[in-house]
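Structure, as structure tokens:
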Amino acid sequence: MKNRLRNLITAGAVAGLFAAGTAGGQITPAEGYTPPDDTPKVSVGGTIFADYTYLDAPTAKDADGGVIHPNSFNLARAYINITGQISHWVSFRITPDITRQTISGTGVTLNTNNNLVYRLKYAYGQINFDDFAPKGSWLRLGTQQTPWVDFEEGIYRYRFQGTIFADREGFLSSSDFGVSIHWNFPLSYGDVHVGVYNGETYTGAEANDQKAFQARLTVRPAPGVAVLRGVRLTGFYDGDHHEKDSERKRYIAALTFEHPYVHAGVNYLDTKDRTSRTKAFSTHAAGWSAWVTPRTPFGLEALLRYDELKPNKDNNTVDANGKKKRFIGGLAYWLPVTKAGIAAALLADYENVKYEDFGPSNVNRKPEEKRYALHTLFNF
């Protein structure tokens, strides 16, 4: 009798569960399983870099010939970020950015000349590999971030003061037209980002039949050791051509460190350019950059950075030993926020650029630069 009663209860329970599951047209997922979210989504955000900059040196002259110290309020960036997903497999980003429009040449009339106008900075579709690869692995097609600049800016955090070393000296761009793949290593041991791009950056159309191959490999040696988890070693390569048989190459080796109370990095840059196959030599430039941003628990943070570049290394010219040196020092306050991806900061900084040892002719020597600025960041 007990066995018969037990069987009836079990059969009734199973029937009840089956009825509950099929009443809504689906079977209840197994416990512990969360199905992927395939709901289409679109979100809109923005990024603003605004500043006031005072140029102490060199001086300039106004329309009447008077000596002045140029100073102005500026808007260096005004992104509109449109991001979202079509499904958990497919996501996208569209980001227009401002630029100062300038018109050159005769016979051109445009009422927006010298205005701030919008141009496309990013526009790409992304195929996500989270179903079968470490989270954060993907394939992108379109106008997108390049492997090195986006990586360092994510650690440096002070793009709103100015671009990183390789970008500021004109050797790399933050965005280009192309296709790339990013793959995270298991257990946070690092990642690799490889792409093929036009090589003309997002500001220009393809000028020839040559493509740029860019690759970044980053290794985190000890992700399981708390104090060493923030250490990463990175190598980067950019192989391209100005024209056929006219090489354009970039190499970067870097060491970075991230900790709740300090971020730091040092990198060495080596570049070679042969602007035409009819020219007998390449321009060889090399340099290094080091920066550190110690911070406090209440939002105050310091910025210290030094860059040094030899723009004509090994060319046997009077400028072969010439060096461009940059120092940046500042104090920032990061306002408290409660959500990831939201940020607001103020930075008061001083920047000094010197040109030294360019030989007796001083052909490529420029005057020393000294500027003071108040920079702001709003990211939402």
Side-chain angles (χ1 to χ4, degrees), residues 93 122 124 126-130 132-157 159 163-199 201-202 210-225 227-241 247-259 263-273 284-292 307 309:
R93 176 177 177 177
Y122 304 117
Y124 60 80
Q126 177 173 303
I127 310 300
N128 301 307
F129 299 153
D130 294 355
F132 59 87
K135 188 174 178 61
S137 301
W138 41 254
L139 173 74
R140 282 179 183 169
L141 301 96
T143 311
Q144 59 185 283
Q145 295 94 332
T146 51
W148 171 254
V149 176
D150 186 62
F151 168 76
E152 187 178 4
E153 285 184 353
I155 307 170
Y156 179 59
R157 296 207 313 161
R159 171 62 182 83
T163 50
I164 61 171
F165 179 47
D167 191 359
R168 190 172 299 197
E169 297 303 332
F171 295 115
L172 292 173
S173 172
S174 59
S175 177
D176 204 343
F177 298 83
V179 56
S180 74
I181 186 169
H182 176 264
W183 199 274
N184 277 331
F185 299 150
L187 305 176
S188 298
Y189 271 98
D191 69 295
V192 61
H193 187 183
V194 179
V196 179
Y197 305 87
N198 282 346
T201 82
Y202 68 99
Q210 305 298 304
K211 293 293 180 284
F213 172 77
Q214 297 187 19
R216 174 184 57 81
L217 172 64
T218 298
V219 176
R220 195 189 301 269
V225 181
V227 70
L228 298 178
R229 177 178 171 81
V231 175
R232 285 192 277 184
L233 302 172
T234 300
F236 170 81
Y237 169 75
D238 176 16
D240 194 8
H241 292 79
E247 65 177 357
R248 177 169 63 194
K249 299 188 182 299
R250 284 48 178 142
Y251 307 88
I252 296 176
L255 170 66
T256 56
F257 177 70
E258 297 167 83
H259 185 273
H263 283 193
V266 59
N267 63 77
Y268 177 80
L269 168 71
D270 190 272
T271 75
K272 292 182 179 179
D273 289 88
H284 184 192
W288 61 280
S289 174
W291 52 266
V292 60
D307 302 342
L309 177 71

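In what follows, residues are counted from 1 in the order of the sequence shown. Everything numeric here is computed off the predicted structure, so don't read it as measured data.
- In this structure, R250 is not positioned above the aromatic face of Y237 in the sense of NZ or CZ being under 6.0 Å from the six-membered ring centre and within 45° of the axis.
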Distance-only criterion, 3.5 Å: show the donor-acceptor pairs between side-chain atoms of residues 227-234 and protein atoms not counting sequence neighbours.
residue : atom : partner : partner atom : Å
R229    : NH1  : P223    : O            : 3.1
R232    : NE   : E258    : OE2          : 3.3
R232    : NH2  : E258    : OE2          : 2.5
T234    : OG1  : T218    : OG1          : 3.0

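- No option in L172, T271, D238 other than L172 meets the side-chain contact (heavy atoms from CB on, under 4.5 Å) test with I252.
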#### Entry: side-chain hydrogen bond (donor to acceptor under 3.5 Å, both in side chains) assessment of E153 paired with W148
CA-CA 9 Å; E153 285 184 353; W148 171 254; over 6 Å; no

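- Here the closest heavy-atom approach between residue P134 and residue D130 is recorded as O-OD1, 4.3 Å.
- Under the 4.5 Å side-chain criterion, counting only non-hydrogen atoms from C-beta, Y251 is in contact with K249.
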### Query
Would Q144 and S180 satisfy side-chain hydrogen bond (donor to acceptor under 3.5 Å, both in side chains), going step by step from the backbone distance to the final call?
CA-CA 9 Å; Q144 59 185 283; S180 74; 2.5 Å; yes

### Message
Checking R248 against D273 for the salt bridge (Lys or Arg N to Asp or Glu O under 4.0 Å) test, could you report, in this order, the C-alpha distance in whole Å, the side-chain angles of both residues, the deciding distance, and whether it holds?
### Response
CA-CA 5 Å; R248 177 169 63 194; D273 289 88; 5.0 Å; no

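- Nearest heavy-atom pair across I164 and E152 is CD1-OE1, 3.2 Å.
- For the residue pair S289 and D307, the shortest heavy atom distance occurs at OG-OD1, 2.6 Å.
- A donor-acceptor contact under 3.5 angstrom links the side chains of R140 and Q145, judged on distance only.
- Ion pairing of D191 with R216 is present here, as a side-chain N (NZ or NE/NH1/NH2) and a carboxylate O approach within less than 4.0 Å.
- For D167, there are no salt bridge (Lys or Arg N to Asp or Glu O under 4.0 Å) partners two or more places apart in sequence or in a different chain.
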#### Entry: Evaluation steps, side-chain hydrogen bond (donor to acceptor under 3.5 Å, both in side chains), between D270 and H284
CA-CA 8 Å; D270 190 272; H284 184 192; 2.9 Å; yes

### Task
Would you check, one step at a time, whether the test side chain to side chain contact (heavy atoms under 4.5 Å, CB included) holds for F129 with L139?
CA-CA 8 Å; F129 299 153; L139 173 74; 3.6 Å; yes

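- The ring-ring contact (aromatic ring centres under 6.0 Å, His included) search around H182 returns W138, H193, not counting sequence neighbours.
- At a threshold of 4.5 Å between non-hydrogen side-chain atoms, the residues W291 and Y156 count as touching.
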